[in-house]
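So the structure is just underneath, and the comments pick up after that.
Quick note on labels: first sequence line is chain A, next is B, and so on, each numbered from 1.
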Number of protein chains: 2
Amino acid sequence: MRKNDARTRVLAAASRLFYRDGIHAVGVDAVAAEAGVAKASLYGNFGSKNQLVVAYLRDRDQRWQERVDAITAAHTAPRDRVLALFDAYADWITGDGYRGCAFLNAAAEFPDPADPVREVVRHHKAALRSYLGAQLRETPDRADEVVLLLEGSAAAAVVAQDPQPFHIARRLAESLLA
Amino acid sequence: MRKNDARTRVLAAASRLFYRDGIHAVGVDAVAAEAGVAKASLYGNFGSKNQLVVAYLRDRDQRWQERVDAITAAHTAPRDRVLALFDAYADWITGDGYRGCAFLNAAAEFPDPADPVREVVRHHKAALRSYLGAQLRETPDRADEVVLLLEGSAAAAVVAQDPQPFHIARRLAESLLA
DNA sequence: CAGCAACTAGACAGACCTGTCTGTATGGTT
DNA sequence: AACCATACAGACAGGTCTGTCTAGTTGCTG
């Protein structure tokens, strides 16, 4: 087996299970089985379940940044880029298995603000704010408002099980950025 | 001990612990101990932990409705009533122990949309939508937008540990309702 | 070819979980 | 006064959790 292959597969399995079922609800045995990997390899690579959770969120943050970059590349005007984000979020719920923002879900399961998990969550949200701030640098207040619309629609879509919140948010964002 | 006293105390203890630490992280022994009640009384009154969780959320929903009614009573104009909601939310985070919306947190811990827990969550959000719809019945689109702003700011405030999201959302709501 | 790092399966300890059960005490109602 | 629903404390069963450990296997590298 190639070096770090076990690590990669554990991370992929953790991402699927933690996101789908919730973090506390998934044991390390389940992650190892889903990855097709021995538990010792999981502990050898990550040290503890908590560190695996942090790695899972960091990985997800990185993949999210890459997706945002891909969306950015397809448009030039800041306004189009931001609106494309709403479309991407709406597409996200259309494919099944939508469970909302993995970072907000993790924050719900880890109450202590000093927990390393919460630091990753803050980092992710800061990155979102930073991206929007860069796109809308001439109207910084708009960036904060768009963040609220994105977070709100992601949360509302979980309950509604429907992309409509994204459509409402997008329409509102359109008029905000007019 | 008076009839149903144990039930009331269990519900109060569950509300404290489930909200503060998360539902999966709190065992029934901890709830019984916090309530100063025997575990058999807990099971006699609620049947199972899952049913206790449902009762906890229903109770919270009811208390929330009462608070909203109190806020409503202090204002007459629909616009003032809605804006007062944002103020109440901002006050909420100012007192410590803020952990966001208990219903969104519960939804994060109970992934199955068919779970009774999720039904209570949908009921709560429908009540919020219904309240705003009644206040803003002449501009129903505004109601959906205000819901997004409230949900978004509640979620963002958890991560930020700061009432600023509520201020931003309130400012945006003000201009929406102008 | 030898050695080493990373993998494998699986048993194990110790803690915690939910839910049940036994047996006793107590307060309100008839 | 007698009864009964409800409360109590706490042991218990059966399962799952995290994390460790043993022992054997595989595959790259010098």
(message) Once side-chain hydrogen bond (donor to acceptor under 3.5 Å, both in side chains) is applied, do any residues pair with His123(A), and if so which ones, sequence neighbours excluded?
(response) Asp61(A)
(message) So, does Asn45(A) get its side chain near the phosphate of dA6(C), meaning an N or O under 4.0 Å from OP1 or OP2?
(response) no
(message) Between Ser41(B) and dC8(D), is there a contact of a side-chain N or O with OP1 or OP2 at under 4.0 Å?
(response) yes
(request) State which residues pass side-chain contact (heavy atoms from CB on, under 4.5 Å) with Glu119(B); sequence neighbours excluded, sorted by chain then number. (result) Arg122(B)
(request) Could you tell me which residues satisfy side-chain contact (heavy atoms from CB on, under 4.5 Å) with Arg58(B), sequence neighbours excluded, listed by chain and number? (result) Val54(B), Val120(B)
(request) Please collect all ring-ring contact (aromatic ring centres under 6.0 Å, His included) contacts where either partner lies in residues 20-57 of chain B, sequence neighbours excluded, each pair once. (result) Phe18(B)-Tyr56(B), His24(B)-Phe110(B)
(request) Could you name each residue pair satisfying ring-ring contact (aromatic ring centres under 6.0 Å, His included) that touches residues 134-160 of chain A, not counting sequence neighbours? (result) none
(message) Run the ring-ring contact (aromatic ring centres under 6.0 Å, His included) test against Trp64(A) and tell me which residues pass, sequence neighbours left out.
(response) His124(A)
Atom-to-atom span, [atom1] of [X] to [atom2] of [N] - whole angstrom:
X	N	atom1	atom2	answer
Phe46(A)	dA6(C)	CZ	C1'	14 Å
Asp5(A)	dT8(C)	CG	C1'	14 Å
Leu52(B)	dG19(C)	CG	C1'	13 Å
Phe18(B)	dC17(C)	CZ	C1'	13 Å

(request) Using the six-membered ring of Phe103(A), assess whether NZ or CZ of Arg60(A) lies under 6.0 Å from its centre and within 45 degrees of the ring axis. (result) no
Side-chain atoms of residues 73-85 of chain B: list all donor-acceptor pairs with protein atoms under 3.5 Å, sequence neighbours left out, distances to 0.1 Å.
unit_1	atom_1	unit_2	atom_2	d
Arg79(B)	NH1	Glu174(B)	O	3.1
Arg81(B)	NE	Thr72(B)	O	3.3
Arg81(B)	NE	His75(B)	O	3.0
Arg81(B)	NH1	Gln135(B)	OE1	3.2
Arg81(B)	NH2	His75(B)	O	3.3

(message) So if I take residues 106-118 of chain B and measure heavy-atom distances to DNA chain C, which residues fall below 4.0 Å?
(response) none
(request) Using a 4.0 Å heavy-atom cut-off, write out nucleotides 10-19 of chain D from 5' to 3' as B (base contacted by protein), S (sugar-phosphate only) or - (no contact). (result) --------BB
